[in-house]
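Counting starts at 1 for both ligands and their atoms, in listed order.
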Amino acid sequence: MSIKTIILAAGQGTRMRSSRPKVLHEIANKALLQHVYETSLALENNRIFIIYGHGGETVKQTLSSLNATWIEQKQQLGTGHAVQQAIHHVDDPDTVLILYGDVPLLKAQTIQTLLHKVSLTSLALLTVTLDDPTGYGRIVRDKDHAVVKIVEQKDANEAELRISEGNTGILACKGSQLKQWLSRLSNNNAQNEYYLTDIIEMAVEDGLSIETTQASSQDEVSGVNNRSQLAHLERVYQQQQAESLMTQGVTLRDPNRIDVRGEFAALGQDIDVDVNVIFEGVNRIGSHVKIGANCIIKNARIADGVEILANSVIEDSTIGEGSRIGPFARLRPQTELADHVHIGNFVEIKKSTVATGSKINHLSYIGDSEVGAKVNIGAGAITCNYDGVNKFKTIIGDGAFIGSDSQLVAPVTIGKNATIGAGSTITRDTPEDQLTLSRVKQVNVEGWQRPVKGEKE
Ligand code: UD1
Ligand code: CA
């Protein structure tokens with residue numbers, strides 16, 4: 001079976017009060033339209049068409065990497081008119097699936113169920129029972145409970161308005177039939193629009209049965225029309241992520257206080273996550289990893305037994321087994337820590353490798369460096385890697401001890417097992433196994449007296 005998915009995304013979304021087109025607003029850092037696109041990617045033998053509207057060039061440009069055919073609907077004359085724009089791409093034997101670009105939480109499973117109900121004798125329609133159906137098209141059924149038509153809110157009579165089963169807008173049917181029905185649509189209704197929903201009555205007249213599937217929840221088929229709905233669906237999405245993590249064996253101290261804006265390419269067992277942690281991008285996390293409160297972790301590879309203490313920010317970094325990071329540590333892109341490394345509070349590391357067992361525990365900046373194994377970097381020691389134009393490398397040999405408050409002015413190499421005295425400014429390479437100092441000798445002034453305050457008159 002060949003599927004053609006048509007995603008309707010030409011709506012302007014005025015209620016967002018935004019300069020950004022509605023479908024580019026994001027849930028978990030991903031555009032609404034991209035959520036819908038990715039869900040439909042789960043279908044095999046599927047071609048995706050996106051109907052975009054006036055001013056929608058930015059949508060097309062922003063999401064140009066999507067493997068879809070973009071079709072402009074110059075004027076928004078209704079959902080039926082929108083589908084008409086793509087109909088010449090549909091072949092008679094195709095199954096056509098209609099999705100909305102602003103309904104981000106629709107599940108692939110629901111679509112599969114819907115598609116299984118499509119044949120030349122049946123049209124598949126996704127409906128939802130609503131506490132308040134205001135605004136939705138109503139599903140009108142006969143005495144035998146068979147669907148006879150959909151009536152839009154603005155065209156409905158009193159009895160129809162009381163129907164609580166609403167149209168989600170999502171449906172599937174055969175290409176040959178859809179072509180016929182679309183060619184017969186008129187805009188003779190309260191909104192002077194070409195309603196896609198009118199094909200239901202035509203299908204019934206043609207002797208088809210309307211097979212309905214109920215959405216798993218109202219949120220699954222909710223569209224985003226304003227920022228409040230966007231925020232609501234973001235929370236629903238995050239609850240789903242939290243549930244999924246717990247199912248996979250992750251302890252969440254509070255499932256309501258975690259945000260996953262991306263995915264986990266690997267997830268070990270017995271990971272323990274404290275409150276207010278944000279995961280972004282693609283993370284790989286080993287087993288027995290503890291993550292403290294308020295951490296932001298983006299595109300990280302974290303090996304088994306790592307402990308990340310509260311308030312640490314980690315981006316594009318690798319952390320080896322049994323290492324301990326934070327509290328208040330910042331690992332910037334291209335940081336690679338080997339096993340059993342300790343990075344303490346107010347330490348910033350950028351584009352550097354740190355070998356096994358080294359400790360950088362307090363108030364340091366290490367940039368563009370290669371730090372050997374078992375190195376100890378004292379409090380406040382920093383690499384001066386930048387002259388305002390160029391960046392230079394610092395190499396620190398195994399077993400070196402960098403005294404507190406030292407400055408290593410790159411390019412510079414510290415020999416193996418070298419000791420740098422506290423407060424030194426190192427501008428030239430230092431030999432292995434020796435003590436190097438560059439501080440002014442201490443002077444003691446004998447007989448010096450502190451000034452004394454005069455007695456007040
Ligand atoms: C539509 C349905 C209604 C259903 C509701 C669910 C019709 C006539 N009505 O109503 O039965 O309950 O959705 O939310 O289909 N769009 C275009 N081009 C257009 C018009 C719309 O691309 O010319 C897109 C919008 O971007 C949106 C979707 O189609 O993604 C639905 O449009 P919207 O205006 O929200 O439809 P409703 O009138 O709410
Ligand atoms: Ca709508």
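- Every N/O-N/O distance between Q75 and ligand 1 stays at or above 3.5 Å.
- For the pair S287/D270, no side-chain contact is recorded, criterion being any heavy-atom separation below 4.5 Å from C-beta on.
- With a 6.0 Å radius and a threshold of 12 heavy atoms from other residues, nucleotides or ligands, H88 has its NE2 atom above the threshold.
- Annotation: Y195 places no N or O atom under 3.5 Å from an N or O atom of ligand 1; distance criterion only.
- Contacts with ligand 1 closer than 4.0 Å are made by no heavy atom of E193, backbone or side chain.
- At a 4.0 Å heavy-atom cut-off, ligand 1 does not touch V23 at all.
- Without hydrogens or angle criteria, D206 side chain to L208 main chain gives no donor-acceptor distance under 3.5 Å.
- Applying the ring-ring contact (aromatic ring centres under 6.0 Å, His included) rule to pairs touching residues 242-292 yields F264-F279, sequence neighbours excluded.
- Counting heavy atoms closer than 4.0 Å to ligand 1, residue Q191 contributes nothing at all.
- Sequence neighbours left out, the pairs with a member in residues 332-373 that pass ring-ring contact (aromatic ring centres under 6.0 Å, His included) are F328-F346.
- Considering both main-chain and side-chain atoms, G78 comes within under 3.5 Å of ligand 1 through a nitrogen or oxygen pair.
- A salt bridge is defined here as a Lys NZ or Arg NE, NH1 or NH2 lying under 4.0 Å from an Asp or Glu carboxylate O, and K174 with D94 fails to meet this definition.
- Residue contacts with ligand 1: D102 is placed with a nitrogen or oxygen under 3.5 Å of a nitrogen or oxygen of the ligand (distance criterion only).
- Contacts between L8 and ligand 1 below 4.0 angstrom, taking non-hydrogen atoms only, involve backbone and side chain alike.
- With salt bridges taken as basic N to acidic carboxylate O contacts below 4.0 Å, one links E160 and K149.
- Considering backbone and side-chain N/O atoms, T197 never comes within less than 3.5 Å of an N/O atom of ligand 1.
- Checked against a 3.5 angstrom limit, the closest N/O atoms of Y100 and ligand 1 fall inside it.
- Listed for the Q177 side chain is a donor-acceptor partner under 3.5 Å among the backbone atoms of L120.
- With a 4.0 Å heavy-atom cut-off, ligand 1 is reached by the backbone of L77 but not by any atom from C-beta on.
- Ligand 1 has an N or O atom lying under 3.5 Å from an N or O atom of G137, backbone or side chain.
- Residue contacts with ligand 1: G11 is placed with a nitrogen or oxygen under 3.5 Å of a nitrogen or oxygen of the ligand (distance criterion only).
- Between H81 and ligand 1 there is no heavy-atom distance shorter than 4.0 Å.
- Geometrically, K391 engages Y386 in a cation-pi contact defined by less than 6.0 Å to the ring centre and at most 45° from the axis.
- Considering backbone and side-chain N/O atoms, Y136 never comes within less than 3.5 Å of an N/O atom of ligand 1.
- Using a 4.0 Å cut-off between charged side-chain N and carboxylate O, R330 and E315 make no salt bridge.
- For ligand 1, the atoms sitting less than 4.0 Å from at least one non-hydrogen atom of T168 are 6 (C), numbered in the order shown with element in parentheses.
- Close approach of ligand 1 to A82 (heavy-atom distance below 4.0 Å) involves ligand atoms 17 (C), 18 (N), 22 (O).
- Within the 4.0 Å heavy-atom cutoff, G223 does not count among the residues contacting ligand 1.
- Between A10 and ligand 1, a contact under 3.5 Å exists for at least one N or O pair.
- For E348 and R332, the salt-bridge test passes: some basic side-chain N is under 4.0 Å from an acidic carboxylate O.
- Taking all heavy atoms of Q73, E152, Q76, R138 into account, the minimum distance to atom 9 (N) of ligand 1 is reached by E152.
- In this structure, D387 places its CG atom where more than 12 heavy-atom neighbours from other residues, nucleotides or ligands lie under 6.0 Å away.
- Side chain of S222 to backbone of Q218: a donor-acceptor contact under 3.5 angstrom is found.
- Nearest to atom 36 (O) of ligand 1 by heavy atom, out of D198, I6, T79, is T79.
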